[in-house]
Amino acid sequence: MIDFKEIISNAISNVTNISQYELKTYIEVPKESNNGDYAFPCFRLAKELKKAPQIIATDIKEKIEVNENEIIKIEVAGGYLNFFINKKLLVDEVLQEISKTEEYGKSEIGKGKNVVIDYSSPNIAKPFHIGHLRSTVIGGALYNIYKYLGYNTTGVNHLGDYGTQFGKLIEGYKLWGEEYDIEKNPIDELTKIYIRINEACKEDEQVLENCRNNFKKLENGDPYCVEIWEKFRELSLKEFQKVYDLLGSKFDSWNGEAFYSDKMPEVIDILEKTGKLIESQGAKIIDLEDKGINTPCIIEKTNGSTTYATRDLAAILYRARTYDFDKALYVTSYEQVLHFKQVFEVAKLLGLDEKYTNGLEHVSFGMVLLPTGKMSTREGNVVKLNDLLNEAISRAKEIIEQKNPQLENKDEIAKKVGIGAVIFNDLSNNRVKDEIFEWDTILNFQGETGPYIQYTYVRTKSVLEKAGQVPDIKDVKSENLLDESSIRTLKLVYSFEDILKQVTDKNEPSILSRYLIDLAKAYSNFYNENKIIVDKKDVQNARVYLTYAVGKVLKTGAELLGIEMPEKM
Ligand code: ARG
């Protein structure tokens, strides 16, 4: 499809000798249509060219050469250059592209590049909570989008199936195992044991010591400890799977922390050889003071057992070798910012090619705050994800019962709407922002929500149904789509591919969710301003085709976010 940003940046590059690639990233899409279709801010060049932005804009305008069939007008406004494009050309291009492909917006820009995404990664024997939901949803959306853009993508569920907490659980199980029905309700019961053993540790130093030793034994392959640990893992996974089934989450690898138990000696060995692994109060640490990180990275604890960080270092080595990654993303809450800073810094000592250490990125996100307060496993005040998702479904069902009691397959649709609402909510704001979880906001059909996107999609479907069929592209004349509301909608359809690229540039799925809201609003506006089913056949064809295009993009976009679309609701 014609790339207007490319055309504009090329033309500017020709008269400024600045790289076209760089210029392209500066181009903006103005909010107000009287500021043109694209704007180039000259502020960014002021330093380099040692001139005032407005003068730069005027200079460029005088010298620039463009094809008048593509760019019909250029204006200087303050320090901006505003470009007005040939709208008919844009409309023609979009319609053609929509008619040509079932997978609109798909591309091959990631071809030959490998991306590993570490996401979800809940902890065995602990509840799968709402923070892990965010990781699962954000990571899952990124996974789908990278794939759609041609990247070779691997999704890893780095299960928290190792660490001192297992020493505690084993101890608790030894002491009071028979009192709890672990088979029936594994996570609930194990959580109870975990809370109880934590109390016991607080009271009695010896109990804590036993717990630490249990983990050490587990690491050394003690059969009793390994057997209990395996049982915890298996039962927990069975429960997590219920959540993954509801969300439709899939992973290519389930290698959790325990997978790295035999891969850590190599890490320690490499670090020893750098001379940077030092003893401190009986533990082995890497001091990071000179890197601006005040807390040292602990590689081995006093009793010789390894840490979360050591396992992540082993995982970096493994992923570099196994997946040859260009990017390795870690999707967790911002609570782990320090952890990843430390780990990424220490990774530079592992002797890996810079390609790998430069490719490491922590994709952090804000907390989910519930009106009921904050959550912590130790105190046991946790909203469980399985319950939450099922509540979303039953609330969606109630709304459907009120609005459209005649609907067929209500349960199936309630599932799509309820789960879609929760997923969309998690993706609708900039990921680093904290999010407040409130049912009424999330499920509001008129708000900026998942159900609103679904509702708009369903509306496009019913228009198509009324029209009887999608018109043949040969019968669609772009002259009929040059009014303000059609153009605004089609410009959004046009920018879909660019939006997906922006998501991967910033690892920010909310760029896509905001876009879908904008598109749904633009279509609603178009719908209110234009009668679609009309006597004039070619006007109807054009409007029906626009409707078809919007439906296609809404569906593709929502599915990339992990949201299923109902055909009716
Ligand atoms: N299990 C960790 C948690 O629940 C998240 C793991 C993230 N991935 C990683 N490679 N450290 O907090």
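Each ligand, and each atom within it, is numbered from 1 in the order the structure gives. Residues: numbered from 1 along the sequence shown.
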Y308 neighbourhood, listing ligand 1 atoms whose heavy-atom distance to it stays under 4.0 Å:
2 (C), 5 (C), 6 (C), 7 (C), 9 (C), 11 (N)
Atom indices of ligand 1, in the order listed, that fall short of 4.0 Å to a heavy atom of T332:
7 (C)
Take every heavy atom of [X], measure it against each atom of ligand 1, and state whether any distance is under 4.0 Å.
X: H132; result: yes
X: F340; result: yes
X: K126; result: no

Run the numbers on E448 and S428 for side chain to side chain donor-acceptor pair (under 3.5 Å), then give the verdict.
CA-CA 8 Å; E448 301 190 341; S428 57; over 6 Å; no
Any N/O pair S121/ligand 1 closer than 3.5 Å
yes
What residue and heavy atom of the protein are closest to [atom], and at what distance?
atom: atom 12 (O) of ligand 1; answer: Q336 NE2, 2.8 Å
atom: atom 8 (N) of ligand 1; answer: D118 OD1, 3.1 Å
atom: atom 1 (N) of ligand 1; answer: N123 OD1, 2.7 Å
atom: atom 9 (C) of ligand 1; answer: H158 CD2, 3.4 Å

Taking side chain as C-beta onward, heavy atoms only, is I299 less than 4.5 Å from T307?
no
Are V417 and Q454 close enough that some pair of their side-chain heavy atoms sits under 4.5 Å apart?
yes
Between K216 and D222, does the salt bridge (charged side-chain N to carboxylate O under 4.0 Å, His left out) criterion hold? Intermediate values first, please.
CA-CA 9 Å; K216 191 75 204 108; D222 172 87; over 6 Å; no
Would you check if there is a donor-acceptor pair between the side chains of [Y] and [X] at a distance under 3.5 Å?
X: N123; Y: Q165; value: no
X: N425; Y: E435; value: yes
X: S120; Y: Y244; value: yes

Region of D312 engaging ligand 1 - heavy atom pairs below 4.0 Å
side chain
